[in-house]
Amino acid sequence: MLDTLKLPDHHYLNDGHGLKSWLLTKDHKRIAMMYLISITVMFALGGFFAAGVRLELMTPQGDLFLADTYNKFFTMHGVVMVFFFLIPSTPAVLGNFLIPPMVGAKDLAFPRINLLSLYIFWLGAAFFFYALFSGGVDTGWTFYTPFSSFSSNTNVVPTALGVFISGFSSILTGLNFIVTIHRMRAPGLSWFKLPLFVWAHYATSLIQVLGTPVVAITIIMVFVERAFGFGIFDPVRGGDPVLFQHLFWFYSHPAVYIMIVPALGVMSELISTFTRKTIFGYSFVAFSSLAIAVFGFIVWAHHMFVAGISPYSALVFSFLSFSVAIPSAVKVFNWTATLWKGSISFEPPMLYAYGFMGLFLVGGLTGLFLATLGTDIHLHDTYFVVAHFHYIMVGGAIMGYIGGIHFWWPKMTGRMYSEFGARMSAILVFVGFNLTFFPQFILGYMGMPRRYHAYPDEFQVLNIMSSAGAGVLGIGYILPVIYLTYSLTRGKAAGPNPWGASGLEWQTQSPPVTANFTEPPVVPAEPYEYTPHVAREANLV
Amino acid sequence: MSVHIAPKSLYISIFGALMVLTAVTVAAAFVNLGNLNAPVALAIATLKATLVVLFFMHVKYSSKMIKLVVATSLFFLTILLTETLMDFATRGWVAIPKLMH
Ligand SMILES: [Cu+2]
């Protein structure tokens with residue numbers, strides 16, 4: 001039966017040919033595909049810098065790079081991965097592609113603004129590339145003052161402008177999603193029938209719209225201090241360097257949720273589809289996304305416990321930081337409860353979901369060590385912190401993103417990929433990831449500081465394990481690029497709903513037509529309705 | 001959304017009020033109020049911003065949803081200011097124990 005499936009004659013990919021039809025498109029699906037290509041390039045670039053860092057750290061001596069070059073490598077790695085890969089990743093690719101069909105709409109509310117956001121992203125990236133090719137930058141991705149505002153003699157200004165500009169792309173994407181979710185839902189699709197993916201993107205969009213302007217203004221402050229000598233952060237001129245950290249983390253802690261919350265949304269879709277059950281505690285999971293978005297804004301100074309802030313405020317921030325654990329735990333417990341008595345399967349996207357659950361759990365729990373005032377003094381600025389946030393961002397956000405790509409690839413391209421390749425990649429990513437980052441918890445606990453290119457001899461074994469793991473992880477990431485690209489021309493036709501999933505996006509053909517639906521989608525009575533009828537239509541029984 | 005057209009005279013009087021407040025800002029800059037220098041300047045600026053948002057940006061005549069959006073952003077601005085000031089205001093509270101030798 002499946003072999004007889006054919007790609008539809010008309011779909012968004014063949015609706016207009018040539019570069020111009022892509023560059024001037026207003027179709028959210030084409031824009032999402034261009035984002036996909038753009039951020040994959042950035043991911044590869046960020047991976048290149050990571051490889052440099054791991055190569056240098058294979059030996060205790062700083063023998064591969066000079067200290068200054070090493071500083072630039074980890075800075076470029078952080079800037080590229082955070083601002084040009086993780087922030088746009090799931091929202092700009094999967095959210096862009098899926099939110100309109102998930103709410104039963106033809107496109108986002110502002111298609112032209114959507115295209116503008118892509119161009120702004122490219123412009124920001126262009127500034128970054130200028131900074132890169134004219135010598136790079138060495139401040140760390142956090143641009144801490146006073147180093148960034150008057151000590152560093154590298155390309156702080158073009159890099160910061162690149163980040164500033166790309167921030168507007170993020171704001172516009174968030175704005176577009178908010179308006180679309182409010183105003184473009186199909187008749188009958190009430191808020192509590194929306195997929196949790198949409199709820200997660202709604203929460204993310206709020207953070208993008210409310211938080212990004214603050215970091216943008218902060219970057220401008222660094223710029224005017226550096227360029228015109230204003231005394232904002234420089235104590236000699238009446239400023240306060242810790243003020244920068246407040247303003248920076250007011251955005252950058254919530255930014256962690258810009259990266260992870262969309263992936264949490266992907267997870268809910270994967271787990272529901274591959275257990276064939278409705279999500280346990282739907283409304284709790286939906287509201288936990290919003291709670292994360294709000295709580296995320298009141299905890300930022302846990303990054304500054306040893307920066308000289310008032311111990312009284314540190315106490316409050318420590319307490320508040322623990323509150324974020326509640327909505328995060330709601331999600332993990334509810335997914336686990338969804339698995340219970342579900343008809344669990346092990347399709348490739350679901351392998352990523354299993355990996356995500358374990359890694360997100362470790363990442364979240366180690367965050368509590370860092371939110372605790374006493375232990376943070378010991379662990380601050382060590383490899384423990386590096387391991388912690390990589391468990392959240394790589395083990396969480398990237399696993400969710402790649403799992404989502406595997407889940408919706410048949411919808412995006414109309415074709416299936418090599419299942420064997422996908423399984424191999426999921427396993428390599430999981431094993432490689434743990435091998436890379438678990439040793440870093442131990443290294444950090446033993447006292448190895450981050451951001452140094454040399455270290456004492458006794459740390460070498462664990463560092464070699466970490467570097468070897470990074471190699472495995474790299475292969476795990478390169479594999480999908482190969483088999484997904486191969487599937488574009490050779491993959492079997494997927495049909496409208498290869499996984500037998502319940503969302504509205506699966507009611508239309510794969511790949512969809514430019515207007516998404518040829519006939520109005522049927523809104524189900526409940527979200528995540530898995531009945532024998534649905535399974536029969538998907539040829540699963 | 002209903003389109004409310006406010007009378008021209010209102011805009012002119014708001015403009016007048018903004019100009020007067022600007023003059024007050026300049027005048028206040030010549031008076032030394034000690035610790036109150038910054039709070040007074042900020043209070044005048046906030047008042048002016050409020051007038052602009054309510055009348056020139058039509059928020060006063062907009063739907064509840066628009067008002068909610070404005071209120072939400074002010075709420076998050078309040079978080080930023082309160083929690084940052086929470087640090088700055090209490091930093092001096094700690095007497096660093098003197099290291100006696
Ligand atoms: Cu944080």
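We use all heavy atoms of the structure for the numbers below, so side chains are in, but hydrogens, waters and symmetry mates are not. Residue numbers start from 1 in every chain, and the chains themselves are labelled A, B, ... in the order their sequence lines are given, proteins ahead of strands.
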**Study point:** chain B contact via I309(A) - side chain, backbone, both or neither, heavy atoms under 4.5 Å
**Key:** both
Study note, to complete from the structure: Filtered by a 4.5 Å non-hydrogen cutoff, the part of residues 29-51 of chain B contacting chain A is none
Check your understanding: In terms of ring plane angle, is the pair F297(A) and F76(B) parallel, tilted or perpendicular, where the classes change at 30° and 60°?
Key -> perpendicular
Check your understanding: Among V242(A), D240(A), L320(A), which has the most heavy-atom pairs under 4.5 Å with chain B?
Key -> D240(A)
Practice item. Identify which one of H253(A), H246(A), H380(A) satisfies the ring pair (Phe, Tyr, Trp, His ring centres under 6.0 Å) criterion when paired with H303(A). Key: H253(A)
Revision key, fill the gap. Taking every heavy atom of V222(A) against every heavy atom of T145(A), the minimum-distance pair comes out as CG2-CG2, 4.1 Å
Practice item. Sort L243(A) into side chain, backbone, both or neither according to what part of it lies under 4.5 angstrom from a heavy atom of chain B. Key: both
Donor-acceptor pairs are to be reported for all side-chain atoms of residues 369-377 of chain A against protein atoms at under 3.5 Å, with residues two or more places apart or in another chain.
| residue | atom | partner | partner atom | Å |
| --- | --- | --- | --- | --- |
| T372(A) | OG1 | L368(A) | O | 2.7 |
| T375(A) | OG1 | F369(A) | O | 2.5 |
| T375(A) | OG1 | T372(A) | O | 3.3 |

Point to revise | Side-chain donor-acceptor pair present, S148(A), T139(A), cut-off under 3.5 Å | key: no
Review point. Considering residues, nucleotides and ligands other than K67(B), do more than 12 of their heavy atoms fall under 6.0 Å from its NZ?
Key: yes
Review point. Aromatic ring centroids of Y202(A) and W191(A) under 6.0 Å?
Key: yes
